[in-house]
Amino acid sequence: MQARTQPARGMRDFLPADVRRREYVIGLIKEVYERYGFEPLETPAVENIETLMGKYGEEGNQLIFKILKRGEHERTGEADLALRYDLTVPLARVVAEYRDKLPKFFKRYQIQPVWRADRPARGRFREFYQCDVDVLGSRSMVVEAELCAAASEALQRLGFNDFTIRLNHRQVLAGVLDAAGISPDKHGDALVALDKLDKIGREGVAKEFSERGIAPEAGHGLLDFFKKLGELEHAAQIVAGEPTENGSALSETAALNRATLGRLVEFVGDHEAGARGIDELSYIVTFVEASSTGAKIKIDPGLARGLSYYTGAIMEINVPDLAGSLGGGGRYDNLVGMFLGQNVPACGFALGLERIILVMTEREMFPRNLAEAPAEVMVTIWNEASIADSLKLASDLRDEGLKVDLYPDADKIGKQFKYASSRNIPLVAIVGDEERERGDVSLKDMRTGEQMLMPRERVAQTVREKLSEA
RNA sequence: GCGAUAGUAGCUCAGCUGGUUAGAGCGCCGGUCUGUGGAAUCGGAGGUCGAGGGUUCAAGCCCCUCCUAUCGCCCCA
């Protein structure tokens, strides 16, 4: 009859120390986003199923957690609701619904869980938090630049400095594939194969191209283009010499981005949409160079992203020690239109909270004192007769604004000290028979072992002094 | 969804080619200490060996199914 106590597959319980870490990260991200002028938004966990279906591509549809109809309809197996798959589509729905109440440029952040019926793996769960920032209402590349800067600053505040924001563009991607002579219906296949370039190498990709029915000349042309891009990077590194230096890293990145753009122009030629995309990328890198984020951004013509609603720039953040990405985003000018009938330009960025926490935990990037003391002072209970005194003292100290734990049992005093010690509570207050007679309280500093006797009224002040000493 | 590896005490792990009552360290609880934690010392509890089935005289070990985690593929934050 022993029930299973593990949470459902891919779902997790967060114990107090976990929650403290999560809140620490969320707090810092919020702070940065607020400083960029973003406003908070929350939406329901559940959406009508039509709201989500068809927005994420074929693969995405299958990964949506669907909720069966209730009541009599349950037996049909039909679903009318679903758990949200991301925060972007609900945002588009909200903008379509409240267009008149929202500002012309709606800048919002949203930090909430989303659900995907995926197979769990390292850094991948079925319930996970995304930290989204989006700007709606503008086609300007200033938006892309600001979003990159905001996400980048959030990561830097958390202590990351070895991340890269890879930048690409859906139209440029299309332009490159067209220019290579890959037929439009094979673009998807080409991208999937191309994405594995650094894993399986040129020959591997070439093999996969042919398996996926891509014309050999087209495949070769494409691989050739990427080979030359790779050489570009190599050259830039040699020129810059020390890539770790801040100053030279910036110019190196900028130079590389310029060179990459140049190659793209050559290769894509007069492909109209592609050329426009290249212009947009060039604006973004120029705008971004105005801030320290510039050194973090790298145009990567091989970057593809799964979600089907992206229409323009796409980006992704990576760190060396994580296979997946720390976050990603892009422009999706047509998504709101799917709800409203009228397009509202939009661009957004999502940071993956779970992956940030995973890497931060492995690298021990959390402040030491985060998970520790649940209270600043613990009040002991001397005996059954003195419970009221202890309650009163705890209450008074709480009124003084202190975090106070009250030991619940009249255990041996040594046991109570041991408990306080194990919980890392720095101070312990004792009202024993002697103290009570004189209206005094003993206060022990668990860190030094020092113990002082004082009038009741002075306890709060002394606790504060002791806390600030450390 | 496919393939691979792993799961033994709260934690980290031993456990030989299947062979009696499954071990260690750390942690936990208690005593030494009748108003005091951390140290020392002595003692104690705790495991249906991930779950369920099968083979065998005998299963932690072999076989099957499932669960969970991790690694590739696929995809993604």
Side-chain angles (χ1 to χ4, degrees), chain A residues 1-12 15 29 56-64 84-88 111-132 151 155 188-189 191-193 195-196 199-200 204 208 304-308 314-319 322-330 348-359 378 380-383 386 407 410-436 442-451 453:
Chain A
M1 71 153 256
Q2 196 148 36
R4 281 180 47 179
T5 52
Q6 297 163 308
R9 166 170 240 211
M11 314 270 173
R12 291 157 304 155
L15 296 183
I29 292 175
Y56 306 104
E58 214 173 299
E59 193 101 19
N61 275 352
Q62 294 178 337
L63 297 179
I64 294 172
R84 66 168 167 244
Y85 181 87
D86 71 357
L87 302 177
T88 308
I111 302 175
Q112 285 194 284
V114 303
W115 292 267
R116 294 184 189 178
D118 220 343
R119 183 175 179 166
R122 174 182 147 89
R124 177 194 270 181
F125 307 93
R126 290 182 145 190
E127 177 182 52
F128 62 97
Y129 274 65
Q130 289 193 323
C131 312
D132 274 39
L155 287 177
D189 283 293
L191 290 177
V192 168
D195 196 44
K196 301 177 194 167
K199 265 188 206 162
I200 60 178
E208 194 158 335
R305 285 182 55 79
L307 297 178
S308 60
I314 49 179
M315 46 253 189
E316 191 163 300
I317 301 190
N318 300 88
V319 284
L322 187 76
S325 65
L326 231 44
F349 211 110
L351 288 178
L353 181 68
E354 320 305 335
R355 291 177 175 185
I356 288 174
I357 288 173
L358 177 81
V359 175
M378 186 185 91
T380 55
I381 289 188
W382 189 252
N383 55 35
S386 73
Y407 194 90
D411 278 337
K412 276 177 32 175
I413 201 71
K415 216 168 165 178
Q416 302 191 43
F417 275 108
K418 201 166 175 178
Y419 179 77
S421 174
S422 75
R423 306 284 292 133
N424 279 314
I425 299 171
L427 298 163
V428 175
I430 309 104
V431 202
D433 292 336
E434 289 168 24
E435 286 91 343
R436 190 144 39 122
S442 288
L443 187 66
K444 174 159 176 162
D445 188 329
M446 301 299 283
R447 300 162 298 187
T448 60
E450 177 199 16
Q451 185 166 323
L453 187 68

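Numbered from 1 within each chain, the chains take letters A, B, ... in sequence-line order. As the structure is a prediction and not an experimental result, all values here were calculated from the model.
- The CD-C1' distance, from Gln416(A) to rG35(B), rounds to 11 Å in whole Å.
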task = Begin with the C-alpha distance, continue with both residues' side-chain angles, and end with the deciding distance and a verdict on side chain to side chain contact (heavy atoms under 4.5 Å, CB included) for Leu155(A) and Ile356(A).
result = CA-CA 9 Å; Leu155(A) 287 177; Ile356(A) 288 174; 3.9 Å; yes
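- The gap from the P atom of rA9(B) to that of rG46(B) amounts to 15 Å, rounded to the nearest Å.
- The P atoms of rG50(B) and rG7(B) are separated by 8 Å, rounded to the nearest whole Å.
- Within the nucleic acid shown, Glu435(A) comes within 4.0 Å of at least one base atom, counting heavy atoms only.
- Residue Glu435(A) comes nearest to Leu453(A) through the heavy atom pair CG-CD1, 3.7 Å, listed as atom of the first residue, atom of the second, then distance.
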query = So what's the dot-bracket for RNA chain B: Watson-Crick or G-U pairs under 3.5 Å, [ ] if a pair crosses, | if it pairs off-strand?
reply = (((((((..((((.....[...)))).(((((.......))))).....(((((..]....))))))))))))....
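- Side-chain proximity of Ile413(A) to the nucleotides rU36(B), rG37(B), rC71(B) is greatest for rU36(B).
- Counting non-hydrogen atoms under 4.0 angstrom, Leu326(A) reaches the backbone sugars and phosphates but no base.
- With both ends at atom P, the span from rG25(B) to rA45(B) equals 15 Å, rounded to whole Å.
- Where Tyr56(A) and Ser421(A) each meet RNA chain B at their nearest nucleotide, the meeting point lying more 5' is that of Ser421(A).
- For the C1' atoms, the distance linking rC11(B) with rG54(B) amounts to 33 Å, nearest Å.
- Distance from the side chain of Phe417(A) is smallest for rG37(B) among the nucleotides rG37(B), rU70(B), rG35(B).
- Taking every side-chain heavy atom of Arg355(A) into account, rC76(B) is the closest of rA69(B), rG35(B), rC76(B).
- Sparse packing is recorded around CD of Glu58(A), with 12 or fewer heavy atoms of other residues, nucleotides or ligands lying under 6.0 Å away.
- The interatomic distance linking Leu358(A) (CG) with rC71(B) (P) rounds to 9 Å, in whole Å.
- Stacking annotation: Tyr419(A) is not stacked on the base of rG37(B) (requires ring centroids less than 5.5 angstrom apart and an interplanar angle below 30 degrees).
- Ring-plane geometry between Tyr85(A) and Tyr56(A) is classed as tilted, the angle between the planes lying from 30 to 60 degrees on a 0 to 90 degree scale.
- The CG atom of Asp118(A) sits 17 Å away from the C1' atom of rU68(B) (whole-angstrom rounding).
- No contact: Val428(A) has no heavy atom under 4.0 Å from any strand.
- The minimum heavy-atom distance linking Ala410(A) with Gln416(A) is given by the pair C-NE2, 4.1 Å.
- One can place CD1 of Ile64(A) at 14 Å from P of rA77(B), the figure rounded to the nearest angstrom.
- In this structure, the CZ atom of Arg116(A) is 18 Å from the P atom of rG1(B), given to the nearest Å.
- Comparing rA77(B), rU70(B), rG37(B) by their closest approach to the side chain of Lys444(A) singles out rG37(B).
- Salt-bridge formation is detected for the pair Arg12(A)/Glu354(A): a Lys NZ or Arg NE/NH1/NH2 atom is positioned less than 4.0 Å from an Asp or Glu carboxylate oxygen.
- The side chain of Arg305(A) places no N or O atom within less than 4.0 Å of a non-bridging phosphate oxygen (OP1 or OP2) of rC76(B).
- Taking atom P in both rC66(B) and rG19(B), one finds a spacing of 28 Å when rounded to whole Å.
- As judged by a 4.0 angstrom heavy-atom cut-off over every strand, Gly449(A) is placed among the base-contacting residues.
- In this structure, of rG37(B), rU68(B), rG35(B), it is rG35(B) that holds the atom nearest to the side chain of Ser442(A).
- Atom CE of Met11(A) and atom P of rC67(B) are 15 Å apart (whole Å).
- Pairing each heavy atom of Leu427(A) with each of Asp445(A), the nearest pair is CD2-CA, 3.6 Å.
- Rounded to a whole angstrom, the distance from the C1' atom of rG27(B) to that of rG38(B) is 15 Å.
- Rounded to the nearest Å, the gap between the P atom of rA4(B) and that of rU65(B) is 11 Å.
- Below the 3.5 angstrom threshold, one finds no donor paired with an acceptor across the side chain of Gln451(A) and the base of rG37(B).
- For the pair Glu59(A) CD and rC73(B) C1', the interatomic distance rounds to 12 Å; values are reported in whole Å.
- Residues Lys444(A) and Gly449(A) share a closest heavy-atom pair of CE-O, 3.9 Å.
- Nearest heavy atoms, Ser325(A) versus Glu316(A): CB-CG, 3.4 Å.
- At a threshold of 4.0 angstrom between heavy atoms, the contacts of Tyr129(A) with the nucleic acid are absent.
- In this model, the phosphate group of rG1(B) is not approached by any side-chain N or O of Arg119(A) to a distance below 4.0 Å at OP1 or OP2.
- In this model, the phosphate group of rG31(B) is approached by a side-chain N or O of Lys412(A) to a distance below 4.0 Å at OP1 or OP2.
- Of the candidate nucleotides rA69(B), rG37(B), rG35(B), rG37(B) has the atom nearest to the side chain of Lys418(A).
- The side chain of Glu434(A) approaches rG35(B) more closely than any other nucleotide in the set rG35(B), rU36(B), rC29(B).
- Counting all heavy atoms, side chain and backbone alike, Arg305(A) lies closest to Met315(A) at CD-O, 3.4 Å.
- rA69(B) and rG30(B) have their C1' atoms separated by 36 Å, given to the nearest Å.
- Comparing Lys415(A) and Arg126(A) by the nucleotide of RNA chain B that holds the closest heavy atom to each, the one mapping nearer the 5' end is Lys415(A).
- Atom CD1 of Ile314(A) is separated from atom P of rA77(B) by 11 Å (rounded to the nearest Å).
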